[in-house]
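On a predicted model such as this, the values are computed, not experimentally measured, just so you know. To find a chain, count down the sequence lines: A is the first, B the second, and so on, and within it residues start at 1.
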2 protein chains.
Amino acid sequence: MKSSRNASGPRPGAASRATLLAAATRLFAQYGYEGASVERIASRAKVNRAMVSYHFGGKQKLYRAILRRGLEALEQRLAVVRSCANPAPRRLAQFVEAFAAVATEQVSFPAIMLREVLSGGHHLDGILLSHMAAAFGLVREIIEQGVRERSFRAVDPVLTHLGLIGSLVFYFASAPTRSRLISEGKLAVRSEPPIGDYVRHIQELMTLGLTAPALNPSPRRNHGLKVSRRR
Amino acid sequence: MKSSRNASGPRPGAASRATLLAAATRLFAQYGYEGASVERIASRAKVNRAMVSYHFGGKQKLYRAILRRGLEALEQRLAVVRSCANPAPRRLAQFVEAFAAVATEQVSFPAIMLREVLSGGHHLDGILLSHMAAAFGLVREIIEQGVRERSFRAVDPVLTHLGLIGSLVFYFASAPTRSRLISEGKLAVRSEPPIGDYVRHIQELMTLGLTAPALNPSPRRNHGLKVSRRR
DNA sequence: GTCTATAGGCTGATAGAC
DNA sequence: GTCTATCAGCCTATAGAC
């Protein structure tokens, strides 16, 4: 780490650092860690190869800096939701909005994190793992609150978290490819669904899907699905 | 393509083909296309490097053969669900089961497909895309059936498909990493949730989350989430 | 079918001039 | 801070012996 500041604004004469970060972020998301070569990253940033070693100390440290930046942005947004006293369904909707906000602000973040997880998560150090744990902790907290307040049925927080994160990460990480395939007419879909529509869809799906059944058994239809208690 | 048959059983003296397929499948899932070298694939299959070119005509054709195998297995399972006359909620549950069956049979399939999508889907030819389109077509068909039969509310099939596929693919593709992190005590979770539990969770979540509201407005709680109609 | 040897290119890192 | 030159290592593909 040669520069003294970590997340500081680019000072004059060090424009290449920020440019490299931006270029590398896009390329890691699109091609993966091995697929994005230092040469391509530097050339997209219109900067010399050697700048990667100079500013970050190598490809791997550049990659880790990108992971850190994304997870810190998420953590910051989730902290707001965490300190928010709202009914559980509303807080869960806020969680979805927070994730979508980060994914909109840093479009490459979901794809990079997803790839990191697929690759075994070997670049995740203690700090990064604690950020991920914190995200799950918030979901669990919200679920438990909802169950306590009788607005949610007694779902498993782990399963709920996995399903929610999965649907969010997949939507955002696959958006570029989906857009490409749609614009080339290779998917029988008119246009890429807007982010807001998807966010609302997931919010509604989760809210309705987690809602506790009414206390006096109302005529809630059950269509052939054998619903059994877990464990 | 030197051998005359594509998905035939291994004939004596050509054991290396099947071994290579198996080894490559695992490595592509774990390390990605660029991350899995022909050398490592061959060495894991205990076979000479040159066998990749001999049996498949190169790394890329080996990779495409793996994609094809997975998507064909999925298509086969989904065909059963497609030709099944059941109520929509039951059929949607069957879709989830079919996907889980493929993911259990070919553990590396979800991760490979996910990586392929993240990378832009450039290896997907017409046939492979039609298999993916068929999967979406089935979900859309089920959703439309449910809306017609008044068991589902009027959700967008595209959004529903994306959310469902996302939660399924993510769970299966991230399972190895999750298991590793749990066993190393780096995730504050006791143990990896069993597949059956997750399948049931998603089935319940989808069924309840898509259920049409009762016709005479029963006291269905709405906890602060502003539910608005799409578009 | 299997293997060795080799070709030709790309990789990431760095020493050292400016 | 930036750049050039260069290193050793790895990559895929293939010709040709067996």
Side-chain angles (χ1 to χ4, degrees), chain A residues 1-6 8-28 30-67 112 115-116 119 122-123, chain B residues 1-6 8-28 30-67 115 119 122-123:
Chain A
M1 204 73 62
K2 285 190 172 130
S3 65
S4 52
R5 318 169 228 188
N6 255 341
S8 62
R11 54 195 178 294
S16 52
R17 196 184 194 276
T19 330
L20 273 171
L21 256 176
T25 302
R26 293 190 76 88
L27 290 174
F28 282 141
Q30 193 164 7
Y31 300 108
Y33 181 79
E34 288 86 3
S37 71
V38 172
E39 168 60 38
R40 287 187 64 139
I41 292 169
S43 105
R44 172 186 255 265
K46 287 169 190 157
V47 145
N48 193 276
R49 266 212 305 268
M51 288 297 96
V52 169
S53 292
Y54 177 77
H55 283 296
F56 298 92
K59 184 187 188 178
Q60 187 160 331
K61 287 183 182 162
L62 164 58
Y63 175 73
R64 286 184 137 105
I66 290 170
L67 282 184
I112 294 179
R115 290 191 116 111
E116 175 59 26
S119 295
H122 297 287
H123 295 278
Chain B
M1 203 75 62
K2 286 197 169 125
S3 65
S4 52
R5 319 169 227 192
N6 256 340
S8 63
R11 52 195 180 293
S16 51
R17 196 182 196 279
T19 329
L20 273 171
L21 257 175
T25 302
R26 292 192 76 87
L27 291 174
F28 282 141
Q30 193 163 9
Y31 300 108
Y33 181 79
E34 288 86 2
S37 72
V38 172
E39 168 60 37
R40 287 186 63 140
I41 293 169
S43 103
R44 173 185 255 264
K46 288 171 189 156
V47 145
N48 193 278
R49 263 210 307 263
M51 289 297 95
V52 169
S53 292
Y54 177 77
H55 283 296
F56 298 93
K59 183 187 188 178
Q60 187 160 332
K61 286 182 182 163
L62 165 58
Y63 174 74
R64 287 184 135 105
I66 290 169
L67 282 183
R115 290 191 117 111
S119 295
H122 297 286
H123 296 277

Exercise. If you check every side-chain atom of B/Ser53, which of C/dA13, D/dT14, C/dT4 has the closest atom?
Worked result: D/dT14
Problem set entry | Under-4.0 Å side-chain N/O to phosphate OP1/OP2 contact, B/Ser16 with C/dT2 | yes
For this session: Test A/Arg49 against A/Ser37 for side chain to side chain donor-acceptor pair (under 3.5 Å), laying out the working first.
Result: CA-CA 10 Å; A/Arg49 266 212 305 268; A/Ser37 71; over 6 Å; no
For this session: Return the nearest nucleotide to the side chain of B/Val38; candidates are C/dG1, C/dT4, D/dA13.
Result: D/dA13
Exercise. How close or far is atom P of C/dT2 from atom CZ of B/Arg17, stated in whole angstroms?
Worked result: 12 Å
Seminar exercise, completed: Testing D/dT14, D/dG1, C/dT11 for proximity to the side chain of A/Ser37, the answer is C/dT11
Problem set entry | B/Met51, nearest nucleotide to its side chain (from D/dT2, C/dT2, C/dA15) | C/dT2
For this session: Anything under 30° is parallel, anything over 60° is perpendicular, the rest tilted; go ahead and classify B/Tyr33 against B/Phe28.
Result: parallel
Problem set entry | Given D/dC3, C/dT2, D/dT12, the nucleotide with the shortest approach to the side chain of B/Tyr54 | C/dT2
For this session: Write down the distance between OH (B/Tyr31) and P (D/dC11), rounded to a whole number of angstrom.
Result: 13 Å
Exercise. Should the heavy atoms of other residues, nucleotides or ligands under 6.0 Å from CZ of A/Arg64 be counted, would the total exceed 12?
Worked result: yes
Exercise. Rounded to whole angstroms, how far apart are CG on A/Leu20 and P on C/dG12?
Worked result: 13 Å
Seminar exercise, completed: Quick note, A/His55 side chain, CB onward, closest among D/dA13, D/dA15, D/dT2 is D/dT2
Exercise. Is A/Arg44 atom CZ crowded by more than 12 heavy atoms from other residues, nucleotides or ligands, each under 6.0 Å away?
Worked result: yes
Problem set entry | Backbone of A/Thr25 reached by a side-chain donor or acceptor of A/Gln30 within 3.5 Å | no
For this session: Rounded to the nearest angstrom, tell me the gap between atom CD in B/Glu39 and atom P in C/dT6.
Result: 17 Å
Problem set entry | Interatomic distance where CD1 belongs to B/Ile41 and P belongs to D/dC10 [whole Å] | 17 Å
For this session: Take the protein atom OH of B/Tyr63 and the nucleotide atom P of D/dT12, then report the distance between them rounded to whole Å.
Result: 14 Å
Problem set entry | Rounded interatomic separation in angstrom, taking CZ from B/Arg49 and P from D/dC11 | 9 Å
For this session: Would you mind telling me which of C/dT11, D/dT14, D/dT4 lies closest to the side-chain atoms of A/Asn48?
Result: D/dT4
Exercise. To the nearest angstrom, how far is A/Arg40 atom CZ from C/dG9 atom C1'?
Worked result: 15 Å
